[in-house]
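For reference, the structure discussed in these notes is given below.
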Protein chains: 2
Amino acid sequence: MADQTPSGESLLFLTDEQLRKGIEAMFFAYRGFTADPDRILEGMDYGRAHHRAIHFIHRSPGTTVSNLLTILGVTKQSLNRVLRTLVDDGLVEARVGRRDKRERHLHLTAKGQELERELSDAQRARMRAAYRAAGPQAVAGFRQVLEAMMDPELRRQYQGLKESGA
Amino acid sequence: MADQTPSGESLLFLTDEQLRKGIEAMFFAYRGFTADPDRILEGMDYGRAHHRAIHFIHRSPGTTVSNLLTILGVTKQSLNRVLRTLVDDGLVEARVGRRDKRERHLHLTAKGQELERELSDAQRARMRAAYRAAGPQAVAGFRQVLEAMMDPELRRQYQGLKESGA
DNA sequence: CTTGGAAAGTCAACAAGGCTGACGTAACTT
DNA sequence: AAGTTACGTCAGCCTTGTTGACTTTCCAAG
């Protein structure tokens, strides 16, 4: 367990104490991460689940319901409840597939785009402030550690989303 | 908005695209972060809320209910429901305060310690793997960005916890 | 000593957002 | 023609969050 590492380097960053700090940092930071969109959503009839759906539809316009299911990692019943309200309220459009008519391709309407922008502006503002405060070096490390923390399957999702659209 | 920065440094890490990647990294990484304890807890009658309570009681033995309320950011009714099951099941002991008998000082029992260890072993294992893969430099950046992302009030909680016990 | 208010606990009711199971329909595939 | 896939939906359940109202305990200030 204490092998394979460059023997010159200190391993103090792997102590249980350091790991605990990292764990608590994740906990508190995630609260901040979701706080702004949550604040915007409360009062509307929507919640975090709607935000996630909107985010990924914006990210990959034309994505199908089952794509979304895979990315979000919830059941179709759960997603459907959310999606239905978004479609009913005219934020999301579900177009029947042309090649495969079983599929529904999801798009944000103008109204949906508007809410998406409001939410992501808020979230990005916090992110931007954090990035700016920490600097590019720190940001690179931040991304590296997060990526290493993901489940392999989720990491593929993440990396797949990184470059290619839809 | 484009001032105050060292003019030689690229600001490409502040583009909306980079921020979006960071946002999605947080989303996917947090899923991984909670996955292992969640797996352990399912089947037992406990959930993530119990894990959080156990974690912070372990972290600050003797902490009071209202301390815990502040840290966790939930209502006392919500916390109480969780705490009650933990006390009833003999994982947590709530000792009446000696100076102020209204207060309950919370401690893990031996059984509680045992579960705490099981949960945090799992969570630390993932964290350790991620830290090791990313290296000390990256970890420093990771912590910096997370800290900058917290709400100021939560950051104080976090920093307070960093050094001093209870 | 009385009283105001803080700390803790409890009951009830509710909502969001997960879950499972079962079922139906349309459409693609073999 | 049969089987599979994609999607939707009904029904019911659980966890974990919320409000509001209320009680008990007990410290501390008047």
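All values reported here derive from a predicted model rather than from experimental measurement. The chains referred to below are lettered A, B, ... by the order of the sequence lines, with proteins before strands, and numbering in each begins at 1.
Summarising the geometry, the separation between CG on B:D38 and C1' on C:dG17 is reported as 15 Å, rounded to the nearest angstrom. The nearest whole Å value for the distance from the CZ atom in A:R98 to the C1' atom in C:dA27 is 17 Å. As rounded to whole Å, 12 Å separates atom C1' of D:dT4 from atom CG of A:D100. Rounded to a whole Å, the CZ atom of B:R81 is 9 Å from the C1' atom of D:dT18. Atom CZ in B:R48 sits roughly 11 Å away from atom P in C:dC19 (whole-Å rounding). Atom C1' of nucleotide D:dC14 and atom CD of B:E42 are separated by 13 Å, given to the nearest angstrom. When the C1' atom of D:dT18 is taken as reference, atom NZ of B:K76 falls 14 Å away, rounded to whole Å. Atom CG in B:L79 sits about 13 Å away from atom C1' in C:dA7, given to the nearest Å.
Using modelled atom types, one finds no donor on one side chain facing an acceptor on the other under 3.5 Å when comparing B:Q137 with A:Q144. In this structure, a donor-acceptor pair under 3.5 Å is absent between the side chains of B:Q157 and A:E24.
Of the candidate nucleotides D:dC10, C:dA27, C:dC11, D:dC10 has the atom lying nearest to any side-chain atom of A:R84. Nearest nucleotide to the A:H50 side chain, out of C:dT10, C:dG17, D:dT16: C:dG17. Comparing C:dC28, D:dT16, D:dC26 by their nearest atom to the side chain of B:S78 picks out D:dT16. Comparing D:dC7, D:dC10, C:dG18 by their closest approach to the side chain of A:V65 singles out D:dC7. Comparing atom distances between the B:Q77 side chain and each of D:dC7, D:dT16, D:dT18 picks out D:dT18 as nearest. Nearest to the side chain of B:T64, among C:dG17, D:dA6, C:dA8, sits C:dA8. Side-chain proximity of B:R104 to D:dA11, D:dC27, C:dG9: nearest is C:dG9.
Nucleic acid contact class of B:S66 (heavy atoms, under 4.0 Å, all strands): sugar-phosphate only. Backbone-only engagement by A:G73 is indicated by non-hydrogen atom pairs under 4.0 Å involving sugar-phosphate atoms exclusively. Within the 4.0 angstrom heavy-atom criterion, no nucleotide atom of any strand lies near A:H105.
Taking 4.5 Å as the limit, some side-chain heavy atom of B:I57 sits within range of a side-chain heavy atom of B:L83. B:M26 places a side-chain heavy atom less than 4.5 Å from the side chain of A:L146.
B:N80 has a side-chain polar atom (N or O) that falls below the 4.0 Å cut-off from OP1 or OP2 of C:dT10.
Taking only distance into account, the side chain of B:R102 never meets the base of D:dT25 through a donor-acceptor pair shorter than 3.5 Å.
Between A:F56 and B:F27, the gap from one ring centroid to the other is short of 6.0 Å.
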